[in-house]
Amino acid sequence: MKHMKRISTVTIKRMTDTDPDTSYLGAYSDRAESDYAIDRRHSTDCPVNSGTDGKLLWFTSGSGRIELQMTMEQAESASHQGECEEDTRELSKVPAIAEQLAKIDPAVLSAELKEYGAWDAEELADHDQNVQRILWLAAGDIAEQGGCDCGERGDMERGEYRYFNGNVENYKGESPEDIRKYVRQDYERMERLSRGDWCYVGIRAEAEIVIDGVTQDVTSGGLWGVESDSGRDYLTEIETEELSGLREQLQALGFGTRAISAAFKNVSC
């Protein structure tokens with residue numbers, strides 16, 4: 001007995017991928033797993049995340065009246081375990097540092113240090129020692145803060161992971177500067193995903209067929225993990241491949257070339 005069959009509709013469907021593999025971008029964590037991890041407590045262009053090598057980092061006193069700049073290497077040279085007085089003295093002789101220190105008003109410096117409550121009036125009368133004190137404080141602050149100049153105004157919200165660990169294996173052989181740049185791009189991509197600016201989707205072709213009065217659905221294999229904001233040409237290529245797979249499924253069910261071609265003239269989305 002000959003079966004009565006027909007293809008009712010052909011549709012391209014895009015479905016949200018609710019469990020995508022984002023490991024190629026990286027992962028959020030409560031700990032940094034490499035030197036290239038993004039500390040979400042800080043902005044992405046903060047030296048904590050962008051790197052401190054060779055950069056001049058800022059120290060600002062509590063009142064904002066005294067500012068000093070130095071590199072992280074210089075800060076760490078005068079801020080370490082053990083006695084730092086000699087190392088601070090050596091740092092104060094560096095021309096760029098000495099020039100900044102020479103511009104500090106003695107009265108302002110004395111008043112600023114008084115706020116710390118660590119020195120009495122007699123000690124604060126010694127300007128040379130006060131210069132060494134503020135330099136030591138500045139070095140310690142920069143070293144402790146990791147060069148932070150953003151005031152910890154990062155993306156992290158309460159209850160969220162602090163770090164984003166990029167998949168640095170993707171960038172093996174690249175320079176440290178480029179690895180840091182690419183990890184930052186991956187982080188920003190992941191943040192946009194979290195905000196819902198884009199998502200992952202699955203794409204497949206479906207046909208509704210009727211055989212002897214019974215309606216059935218036939219589908220292509222489908223491709224998942226597609227980025228929703230991919231270029232139109234790429235998405236069209238996937239759809240074409242899925243339609244080709246659906247043709248094969250229909251042919252295997254005994255539908256002829258003419259019936260398939262007719263149905264594929266009106267593909268809906």
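Along the sequence shown, the residues carry numbers beginning at 1. A quick note: this is a predicted structure, and the numbers were derived from the prediction, not measured.
Counting heavy atoms from C-beta outward, L243 and V10 have side chains that approach closer than 4.5 Å. A 4.5 Å side-chain heavy-atom check between M70 and L57 finds every atom pair outside the cut-off.
Applying the salt bridge (charged side-chain N to carboxylate O under 4.0 Å, His left out) test to every pair with at least one member in residues 132-159, sequence neighbours left out, gives no pairs at all.
At a threshold of 4.5 Å between side-chain heavy atoms, the hydrophobic network of Ile, Leu, Val, Met, Phe, Trp and Tyr places L235 and W198 in two separate groups.
Under 3.5 Å, the side chains of R65 and S61 contain no donor-acceptor pair of N or O atoms. Between the side chains of T219 and Q249, no donor-acceptor pair of N or O atoms lies under 3.5 Å.
With respect to E73 and K55, no salt bridge is recorded, no charged nitrogen being found less than 4.0 Å from a carboxylate O. By the 4.0 Å N-to-carboxylate-O rule, R204 lies close enough to E206 to be salt-bridged with it. Comment: K103 does not engage E67 in a salt bridge, judged by the lack of any side-chain N to carboxylate O separation of less than 4.0 angstrom. Look at K93 and E90 and you find a salt bridge, because one of the NZ, NE, NH1 or NH2 atoms lies within 4.0 Å of a carboxylate O, short of that distance. A salt bridge is absent between D39 and R41; no separation between the charged side-chain nitrogens and carboxylate oxygens falls under 4.0 Å. E188 and R184 are joined by a salt bridge, as a carboxylate oxygen and a charged side-chain nitrogen come within less than 4.0 angstrom of each other.
When atom types are taken as modelled, the side chain of E112 and the backbone of G62 share a donor-acceptor pair closer than 3.5 angstrom. Here the side chain of N167 pairs a donor or acceptor atom with the backbone of S23 at under 3.5 angstrom. Checked by atom type and distance alone, the side chain of D17 never pairs as donor or acceptor with a backbone atom of G202 at under 3.5 Å. Side-chain N or O atoms of S194 include one that pairs as donor or acceptor with a backbone N or O of M190 at under 3.5 Å.
Relative to the ring axis of Y163, R31 does not place its NZ or CZ within 45° and under 6.0 Å from the centre.
Here W58 pairs with nothing under the ring-ring contact (aromatic ring centres under 6.0 Å, His included) rule; sequence neighbours left out.
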- Going through the checks in order, is the side-chain contact (heavy atoms from CB on, under 4.5 Å) test met by Y187 and Y28? CA-CA 9 Å; Y187 168 67; Y28 294 102; 4.1 Å; yes

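For the side-chain contact (heavy atoms from CB on, under 4.5 Å) test with E208, the passing option among D217, T11, I7 is D217; the others fail.
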